[in-house]
Amino acid sequence: MAKPVVLVVMDGVGWTDKDNGNAVMHAYKPQIEELMTKWPHTTIKASGVAVGLPSDSDMGNSEVGHNALGCGQIYSQGAKLVNESIESGDIYKSSAWTGAVDYLKSHDGKLHFVGLLSDGNVHSNISHLIAMIKEAKKEGIKEVRVHALLDGRDVPETSALQYVDQLEETFKELNDDTFHGCIASGGGRMEITMDRYEADWSMVERGWHIHVMGDGRKFASTREAIETYRAEGNYTDQYLPGFVIANGDTPVGTIDDGDSVILFNFRGDRAVEFSKCFDYMDNFDKFDMVKKPKVYYAGMLQYDGDLHLPKNFLVEPPHIEHTMSEFLVQKGVKSYAVSETQKFGHMTYFWNGNRSDKFSEELETWEEVPSDVIPFDQKPWMKATEVTEKMEEAIASGKYQFIRCNYPNGDMVGHTGNYEATIIGVESVDLNLRRIMDACKKYDYTLLVMADHGNSDEMLDKKGNPKTSHSLAKVPFAVYNGPEGTECKDGDFGLANVAATVCKILGYEDYPEQWLEAIIK
């Protein structure tokens with residue numbers, strides 16, 4: 001019997017018996033416990049090759065997770081795409097790379113790299129940066145400047161200096177009479193530059209002043225900046241204030257007319273706003289730029305295919321076809337998606353195969369609940385109640401056959417490293433699940449509950465220090481109020497198996513042959 005479906009993504013809620021600060025395990029979560037014991041349930045893969053990443057040691061993330069959920073297939077993603085392009089040399093044959101090189105050579109300019117300095121493999125990888133720096137020298141570029149955004153989120157929270165040392169050792173090996181490279185500026189990823197979904201443009205403005213203008217607190221070295229800030233404010237890397245490297249009062253690497261700029265992050269959500277600063281410079285109105293240098297700008301990937309942003313990019317992104325949304329629109333199914341700002345784009349843009357636009361304005365409804373601009377461990381319940389209220393209204397309306405939402409708490413609070421706050425975040429999601437379950441029972445919807453990757457299930461590293469990055473844990477998958485006889489199959493399933501599962505419950509089993517099989521019998 002076909003039934004309408006509600007799908008809930010508990011972002012960052014991994015499911016494991018390992019207890020390395022496992023906030024999921026220790027949270028009071030009667031709803032999740034009921035779903036994972038009394039109803040059809042299993043665990044599914046949400047990291048590594050199951051979501052298109054290079055190896056099973058690579059943590060999943062919300063971007064690739066929602067791509068897989070929304071398209072029912074596995075595409076080479078992020079780091080794997082860039083790895084393949086660097087290994088083949090195709091990246092250096094791209095029009096963006098040759099354009100950047102030609103532009104700065106014709107203007108006697110500098111090559112700037114901006115991006116997240118770590119090997120977290122979620123937004124970037126330092127190996128990609130180092131490979132491009134070496135190629136730059138090989139191609140006769142004289143000056144390279146790096147604007148280093150510090151991680152402490154997808155890697156240990158105070159690990160920045162190991163990446164700084166690695167990069168500076170590379171420069172030490174390369175620098176000679178024909179080439180000079182160095183770090184020019186930096187700051188924490190949650191303090192400057194890497195805002196997403198236009199939640200806080202002031203972050204980007206601070207980054208613009210730091211990177212472009214050299215307008216910020218000055219230090220003789222990156223190590224001095226990091227150690228000074230840590231001593232003054234006990235900052236972890238992701239929240240470190242912006243800094244400028246200078247010789248005396250003179251910044252070593254402002255972005256000026258005739259320069260080329262490459263944003264070497266491959267993940268799109270925290271790259272879009274900085275890209276808009278350059279591509280939309282002539283009509284930019286989000287803040288006073290003060291300085292508008294004439295540069296050649298390129299991104300590692302095109303971060304928004306519908307906006308064609310940025311115009312220049314080094315590596316072609318996965319061209320995702322046969323998405324669930326497209327299939328359901330062809331069937332005339334009305335759908336509804338909601339989340340708060342922090343994960344709204346994941347429920348829409350990433351879900352629809354990296355498309356900003358809907359496949360159908362008539363059949364797809366998207367609703368955003370504005371996130372608070374506040375450290376998430378100060379309000380770990382976030383907007384879970386407001387999202388739930390929207391979900392209840394959508395279910396009760398009877399308008400939609402497929403309804404989906406994302407609760408960001410387990411991920412966003414988990415990234416703060418605050419164990420106690422993360423427990424509250426997980427409990428907030430669980431508390432709201434009861435309301436969703438009751439609404440699904442009342443209006444006879446099947447409810448699918450899962451996560452997109454782990455995080456809050458592993459809040460401590462091997463040394464017992466706070467861990468802010470994602471985990472490799474499998475994630476829960478449960479079916480509540482499913483069609484009579486619903487059972488989960490035995491098998492090695494991942495997030496990409498969810499699309500076929502949704503459509504099977506909806507009564508559509510003629511889904512694209514490219515999709516992976518359904519999880520239920």
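Please read these numbers as outputs of a predicted model, since none were measured by experiment. Residue numbers start at 1 and run along the sequence shown.
Under the 4.5 Å side-chain criterion, counting only non-hydrogen atoms from C-beta, Tyr349 is not in contact with Asp269.
With Phe284 as the fixed residue, the ring pair (Phe, Tyr, Trp, His ring centres under 6.0 Å) test singles out one of Trp201, Phe278, Phe274, Trp208: Trp201. Put simply, the residue from Glu392, Glu386, Glu393 that forms a salt bridge (charged side-chain N to carboxylate O under 4.0 Å, His left out) with Arg435 is Glu392. Of the residues listed (Asp237, Asp154, Leu150), the one engaging Arg189 in a side-chain contact (heavy atoms from CB on, under 4.5 Å) is Asp154, and it is the only one.
Enclosure of atom NZ in Lys379 by more than 12 non-hydrogen atoms of other residues, nucleotides or ligands within 6.0 angstrom is indicated. The environment of Lys390 atom NZ is sparse: at most 12 non-hydrogen atoms of other residues, nucleotides or ligands sit within 6.0 angstrom. Counting non-hydrogen atoms of neighbouring residues, nucleotides and ligands closer than 6.0 angstrom, the NZ atom of Lys291 exceeds 12 such neighbours.
Remark: side-chain polar atoms of Thr323 are not paired, donor with acceptor, to backbone N or O of Gly70 under 3.5 angstrom.
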Derivation of the side-chain hydrogen bond (donor to acceptor under 3.5 Å, both in side chains) call for Tyr163 and Asp119: CA-CA 8 Å; Tyr163 303 109; Asp119 57 1; 2.6 Å; yes
Criterion side-chain hydrogen bond (donor to acceptor under 3.5 Å, both in side chains) on Asn22 and His26, from CA distance to verdict: CA-CA 6 Å; Asn22 192 333; His26 296 292; over 6 Å; no
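Using the six-membered ring where Trp is involved, Phe327 and Tyr511 have ring planes that are perpendicular, over 60° apart on the 30 and 60° scheme. Taking the six-membered ring where tryptophan is involved, the planes of Phe113 and Phe264 are perpendicular, since the angle between them exceeds 60° and thus also 30°.
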